[in-house]
Structures are given as C-alpha cells and as structure tokens.
Asks: 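Handing you a structure now.
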Amino acid sequence: MAKGAAQARKSSEETRDRLITAAGRVLREEGYTGASARVIAKAADVNSALIFYHFGGVDQLLLALLDQSAEERMALHQATASRAATLEELIEAAVEIYHTDLEGGYLSEFAELVAAAVTRPELRAEINARAEPWIAFVEEHYERVVGGSPLARLLPAREVAYGAITYYMGANFFSVLDEDRSRTEAVFDLAARVAPRAKLLTLRLPRRTGRAGAEPQGAEEAGDE
C-alpha cells in the first residue's frame with residue numbers, strides 16, 4: 001500500500017514537472033496568447049485535463065513556472081551579485097545577470113505575463129508579488145556596495161531598484177526591435193564608462209557618533225570662557 005502511494009506521488013510530481021517544462025517552452029515560443037491548455041498539454045504529452053487537476057488552470061500553471069524559475073535564478077544570481085565589491089563590479093554583475101536571463105528565456109517568460117496583465121487585471125497582484133523579491137534583491141546589493149556613501153544619498157537604493165527592474169523589463173521588450181542588441185548593449189557600456197568616474201561618490205561617509213545634533217567636543221568649554 002505504502003509503495004503504491006509513493007509511486008502515485010512520484011508519478012504526480014513527474015506530471016507537474018513535465019507540465020511546467022512544457023509551459024515554459026510554449027510561453028517562450030508562442031507567447032501568452034498561444035499558451036492554451038491544449039497546446040501545453042500536447043507539448044507535455046499529457047491530457048489537458050491534468051493542467052486543471054494539478055494547477056487549477058493555465059494562468060496558475062504559468063505562475064508556477066515563474067515561481068520555479070525564480071527559485072533557480074535567485075540562487076544563481078545571488079552568487080553572481082555577492083562577488084561585487086565596487087560599483088564597477090556591481091554593473092558587471094548586472095550585465096551578466098541580464099545576459100543569463102535573456103539567453104535562458106527567463107526574461108521572455110516574465111515579460112509575456114507582464115504584458116498579459118495589461119488586459120487581465122487578476123494577474124497584476126500575482127505579478128507584483130513575484131517582482132517584489134527581485135526589487136529587494138537589487139536594493140540589498142546596491143546598499144551593500146554603496147550604502148552610506150554620497151551616491152547612496154543621491155540615488156537611494158529603493159529608487160535604484162525600481163529603475164533597474166523597469167530597465168530590465170523594458171530592455172526585454174525593446175530587444176524585439178533591437179535584434180543585434182547594439183542599442184541595448186550601448187546602455188550597459190555607458191553605465192560601465194560612468195561607474196569609474198563616480199568613484200569618489202561611492203566612498204562611505206564616516207558614521208556620526210554621540211547623540212544627534214550634539215555640539216562638537218569642546219564647544220561648551222569654548223562658550224563658557
């Protein structure tokens with residue numbers, strides 16, 4: 001009995017994995033409008049009813065695909081970003097992450113669902129929830145590298161994170177027109193050229209000691225004389 005239950009569970013997990021893999025392939029190749037239950041089920045070589053049995057519907061399957069991709073990518077990209085110790089290295093890491101996601105098709109998956117959310121409001125909250133960890137990811141590493149510096153005051157981490165994710169998504173949409181990637185890469189090249197010139201802005205400011213607004217040491221004595 002226990003063996004049969006284990007086999008059934010394994011078979012169920014394998015079916016889910018096949019559907020998620022097939023959904024990713026269809027989403028990248030056919031787009032959201034082409035990712036129907038019939039097309040995905042055919043790509044997975046299963047009955048389309050299994051999509052509704054395991055996930056409740058096509059949108060839920062596609063969101064499960066994003067979740068699986070995000071888990072894999074977050075581990076990979078944390079390692080890449082963690083190696084950066086300067087602004088220049090942080091930009092190099094961002095370029096590497098972008099290329100990895102573009103070439104792996106992950107950008108296309110996310111972009112297709114973002115585009116779908118324009119006409120399907122029920123997807124918006126789901127997409128927003130899945131974007132938030134990536135905003136926090138950018139914020140964390142930017143703050144780690146330049147936090148406490150004049151640059152961090154000029155360009156706060158949260159706003160930089162919003163800008164990075166906005167560019168990340170926009171560059172993916174624009175890549176449809178920019179087939180040789182020359183214009184997209186030009187932006188990364190510009191950032192790489194600017195980074196060394198911003199070196200002084202990345203020097204951390206000394207921490208204040210004592211209570212806020214306290215007089216410098218010796219001020220009271222000078223006033224009493």
Side-chain angles (χ1 to χ4, degrees), residues 32 63 66-67 69-121 123-205:
Y32 179 82
L63 290 171
L66 281 192
D67 291 339
S69 296
E71 183 177 354
E72 295 169 354
R73 290 163 54 224
M74 185 63 80
L76 177 66
H77 296 338
Q78 279 286 7
T80 300
S82 294
R83 294 195 297 267
T86 64
L87 183 61
E88 297 96 312
E89 291 172 353
L90 196 59
I91 290 172
E92 289 172 4
V95 174
E96 181 179 341
I97 288 170
Y98 174 78
H99 287 158
T100 297
D101 283 356
L102 183 65
E103 291 159 11
Y106 303 123
L107 263 174
S108 296
E109 294 173 359
F110 195 76
E112 284 292 335
L113 287 176
V114 169
V118 173
T119 55
R120 294 181 65 82
L123 278 176
R124 293 175 194 170
E126 299 286 356
I127 298 300
N128 274 330
R130 287 162 175 80
E132 188 59 36
W134 293 105
I135 293 171
F137 169 82
V138 175
E139 188 176 10
E140 171 196 346
H141 288 287
Y142 178 83
E143 184 66 30
R144 176 179 60 80
V145 173
V146 304
S149 71
L151 182 62
R153 289 188 174 184
L154 180 66
L155 301 174
R158 192 69 175 178
E159 284 74 7
V160 168
Y162 289 148
I165 297 300
T166 300
Y167 176 76
Y168 183 90
M169 294 305 307
N172 180 62
F173 286 117
F174 190 66
S175 66
V176 175
L177 304 176
D178 187 26
E179 293 184 3
D180 65 355
R181 303 184 190 177
S182 60
R183 287 174 284 184
T184 305
E185 295 298 327
V187 177
F188 287 127
D189 291 342
L190 175 63
R193 293 198 304 274
V194 169
R197 291 169 172 77
K199 201 161 192 174
L200 284 175
L201 290 176
T202 64
L203 298 177
R204 285 185 167 85
L205 300 172

Asks: Please report the closest heavy-atom contact between Y142 and P156, naming both atoms and the distance.
Replies: CE2-C, 4.2 Å
Asks: Tell me, do I97 and F137 make a side-chain contact under 4.5 Å, heavy atoms counted?
Replies: yes
Asks: Let me confirm one number: the CZ-CD distance from R197 to E88, rounded to the nearest 0.5 Å.
Replies: 11.0 Å
Asks: For the CZ atom of F110 and the CG atom of D101, what is their distance to the nearest 0.5 Å?
Replies: 10.5 Å
Asks: Heavy atoms only: give me the nearest A157-E139 pair and the separation to one decimal.
Replies: CB-CG, 3.6 Å
Asks: Can you tell if the side chain of H141 reaches within under 4.5 Å of the side chain of H77, non-hydrogen atoms only?
Replies: no
Asks: Does a salt bridge link E109 with R73, judged by any charged N lying under 4.0 Å from a carboxylate O?
Replies: no
Asks: Using 30° and 60° as the class boundaries, would you call the ring planes of F188 and Y167 parallel, tilted or perpendicular?
Replies: perpendicular
Asks: Looking at every heavy atom in both Y106 and T100, which two are closest together, and how far apart are they?
Replies: CD1-O, 4.3 Å
Asks: How close do L66 and I127 get, counting heavy atoms only, and between which atoms?
Replies: CD1-CD1, 4.1 Å
Asks: Nearest 0.5 angstrom please: L90 CG to T80 OG1, how far?
Replies: 11.5 Å
Asks: Salt-bridge test for R130 and E71: reply yes if a basic N is under 4.0 Å from a carboxylate O, no otherwise.
Replies: no
Asks: Taking S149 for the side chain and L203 for the main chain, is one N or O donor matched with an acceptor at less than 3.5 Å?
Replies: no
Asks: With rounding to the nearest 0.5 Å, note down the distance linking CG in D67 to CD in E72.
Replies: 11.0 Å
Asks: Under a 4.5 Å cut-off applied to non-hydrogen side-chain atoms, are E185 and H99 in contact?
Replies: yes
Asks: Kindly indicate whether the side chain of Y98, heavy atoms from C-beta on, has any atom under 4.5 Å from the side chain of T184.
Replies: yes
Asks: For L190, is the CG atom crowded, meaning more than 12 foreign heavy atoms sit under 6.0 Å from it?
Replies: yes
Asks: Is the shortest distance from a Lys or Arg side-chain nitrogen in E140 or R144 to a carboxylate oxygen in the other one below 4.0 Å?
Replies: no
Asks: Is there a salt bridge (Lys or Arg N to Asp or Glu O under 4.0 Å) between E159 and R153 once you walk through the steps?
Replies: CA-CA 11 Å; E159 284 74 7; R153 289 188 174 184; over 6 Å; no
Asks: Which heavy atom in T86 sits nearest to a heavy atom in V145, and how many Å separate them?
Replies: C-CG1, 3.5 Å
Asks: If every non-hydrogen atom of A195 is compared with every non-hydrogen atom of I91, which pair is closest and at what distance?
Replies: CB-CD1, 3.5 Å
